[in-house]
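For reference, the structure is listed below as structure tokens.
Sequence lines set the chain letters: A, B, ... in the order given, protein chains first and strands last, and positions in each chain run from 1.
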Amino acid sequence: MPHSKPRVIYWFRTDLRLHDSPALQAALDLDPEVFYPIWTWDPHYVYRARVGANRWQFLTDCQRDLSSSLTKLNPKQKLHLIREAPQTVLPKLFKLWSITHLVFEKDTDAYARDRDRGVMKLAEDAGVEVIVKMGRTLYDPNELVKHNGGRPTMSMAQTQKAAAALGDPAKPIPPPTSLPDPGDTDLSSIDHQRPDPTPDLNAAHRDLSHKESQYTSIMGPNKDFSIPTLEEMGISGATTPHRGGETIALRTLDTIISNSDYTGLFEKPKTAPTAFSPQSTTLLSPHHHFGSLSIRLFYWRVQEIYQKRKQAQKPNSSIPESLHGQLLFRDMYFGAQAAVGAPFAQEVGNPICKFVDWHLRSKLNEHNLLAGDYIVDNEKAESYFRRWKFGVTGFPWIDALMRQLRLEGWIHHLGRHAVACFLTRGGCYVHWERGAEVFEEWLIDHEVACNSGNWMWLSCTAFFSQFFRVYSPVAFPKKSDPAGEFVRHFVPELKNFDKKYIYEPWKAPIVDQRKWGCLVKGRGV
DNA sequence: TGTTAGGTTGCGTGC
DNA sequence: GGCACGCAACCTAAC
């Protein structure tokens, strides 16, 4: 039976918000007869991407918050979380729900691009119209590249120039004030396809005493499209204090914006990487990753502050150190990624990445893409790598950062510089791809474009080449934390050490080491 | 085709 | 404590 009004699936992915969503707006502008906000619980991310407990928690925080916001707009609505791969379940939904339109925000990562290309073909086959809108960055990365002569955006100067040609970023659009009903949602007639759980890159995070049950039923254990719990994922050990969701994101943004001096004078290089509780930067990056905060809303609210301060003749910081600069850096990396494509996250086949004969090179698959494993060419390098990962190098500054990363899923940008420099050109000569994989696993704000870009930057393989600028694990943290409070917090075995030795405890006399309760250098070593 | 200046965020020294 | 300077295996846009 032909339908006069559109029947729309809105496919949420990394755009977990209602405010300033061009794609959501486009879906609602269709004036749908029925509207299905869905999330597909994709086995690719569950098993084949590296995602630790803290990021799973952040994601499900965002999903729960979004779902409750949808319900507030229409009590019949929620985020319909469907536990099957999008590639297999979407065609079944198109048919079952007589869908006319599929709408989603563009995702620029390699897997997502392939997935979306496939899904668009399936939609075409089913006679479903697809609407895709860019909403993740200040500028469409492809447009930035076009205005950079078709080349990857490799510096802030290039990015600023291309951005200037494109004009101001779009103004944010308000959230919807109402939502149409969903139609019939029962999926029990669907032939549920459960994924193959092997190989499971996240096996280390699964608690073997719990059996995972995330894919047992397509609508969840209570057949209500519930968001999977960490228990259902078989994952335990989320330890981060940083929580997700649009509500928290908007509240955090308000707090930042309400501090005119902080917002107007923000200069990244002057923020302390040793500050914790509270941190010295905004901690909004995970919200940008999951889309619980619009990048354009942040940009324009900061712009308002700049304007007001200018009128009051107060100083403002400027790009690249300013808050606007931080947002533009993100666009620079997205632009570079867009021009390079899938090899952006690796060295081989990546035209912007310089070859260095690092230890622990990646194994590649038949397409010359990372195979998920690496070659141990050198036992010492492997040992350095493992000690780096788990925060037992013996350099307190490095160990404190890596422990904070594992525990909280976030470390300051300059802390990331310090540990990345240390693992690669600064000390261990381990391949930057190893470090990037650890960040992928542990960061709650992991973003392929920014992560790969920053690792190439710090390893001097792209974007940056002044190899002689090395972060000292002793001198660098001293600048902002001479007493070593950060180290004392995250490496508590050193908490009694005198500040004279806090960054190089091996220099403390053995008698003092005994007195302070931690023997760094035993006799005979 | 050559030269030059500049690049978000270094360190150690000396004043 | 703050600043200037040398270090010196770079890269590349702009002229």
Rounded interatomic separation in angstrom, taking [atom1] from [X] and [atom2] from [N]:
X: A/R330; N: B/dT8; atom1: CZ; atom2: C1'; answer: 18 Å
X: A/R416; N: B/dT8; atom1: CZ; atom2: C1'; answer: 16 Å
X: A/W457; N: B/dT8; atom1: CH2; atom2: C1'; answer: 6 Å
X: A/L458; N: B/dG7; atom1: CG; atom2: P; answer: 19 Å
X: A/E321; N: B/dT9; atom1: CD; atom2: P; answer: 8 Å
X: A/Y333; N: B/dT8; atom1: OH; atom2: P; answer: 10 Å

Using 30° and 60° as the class limits, which term best fits the ring planes of [X] and [Y]: parallel, tilted or perpendicular?
X: A/F298; Y: A/H288; answer: parallel
X: A/F329; Y: A/Y333; answer: tilted
X: A/W388; Y: A/F385; answer: parallel

So A/K354, base contact, sugar-phosphate only, or nothing? Heavy-atom distance under 4.0 Å. sugar-phosphate

A/E267 near the nucleic acid: base, sugar-phosphate alone, or nothing, with a heavy-atom cut-off under 4.0 Å? nothing

Does A/R301 have more than 12 heavy atoms from other residues, nucleotides or ligands lying within 6.0 Å of its CZ? yes

Should the heavy atoms of other residues, nucleotides or ligands under 6.0 Å from OH of A/Y299 be counted, would the total exceed 12? yes

Residues from residues 144-155 of chain A lying under 4.0 Å of DNA chain C - heavy atoms: none

[atom1] atom, [N] versus [M]: distance in rounded Å?
N: C/dC11; M: B/dC11; atom1: P; value: 22 Å
N: B/dT1; M: C/dA13; atom1: C1'; value: 15 Å
N: B/dA5; M: C/dG6; atom1: P; value: 15 Å

If you take the centroid of each ring, where Trp contributes its six-membered ring, are [Y] and [X] closer together than 6.0 Å?
X: A/F104; Y: A/F12; answer: no
X: A/Y306; Y: A/H324; answer: yes
X: A/H44; Y: A/Y111; answer: yes
X: A/H289; Y: A/F58; answer: no
X: A/W397; Y: A/F486; answer: yes
X: A/Y471; Y: A/H417; answer: yes
X: A/F276; Y: A/H489; answer: yes
X: A/W506; Y: A/F395; answer: yes

Quick one, give me the B/S/- string for nucleotides 10-15 of chain B, reading 5' to 3', where B means a protein heavy atom under 4.0 Å from the base and S means that only happens at the primed atoms, P, OP1 or OP2. BSS---

Hey, are A/S294 and A/D20 close enough side-chain-wise for a donor-acceptor pair under 3.5 Å? yes

First contact, last contact: which nucleotides of DNA chain C are these for chain A, 5' to 3', heavy-atom distance under 4.0 Å? C/dA9 to C/dA14

Using a heavy-atom distance cut-off of less than 4.0 Å, which residues of residues 268-275 of chain A contact DNA chain B? A/K268, A/P269

Per side-chain contact (heavy atoms from CB on, under 4.5 Å), A/H359 is matched among A/V376, A/T424, A/D377 by A/D377

Output the pairing pattern of DNA chain C as a dot-bracket string, 5' first, Watson-Crick or G-U wobble with both distances under 3.5 Å, | for cross-strand pairs, [ ] for crossing pairs. .||||||..||||||

Applying side-chain hydrogen bond (donor to acceptor under 3.5 Å, both in side chains) to A/E347 and not counting sequence neighbours gives A/R361, A/H431

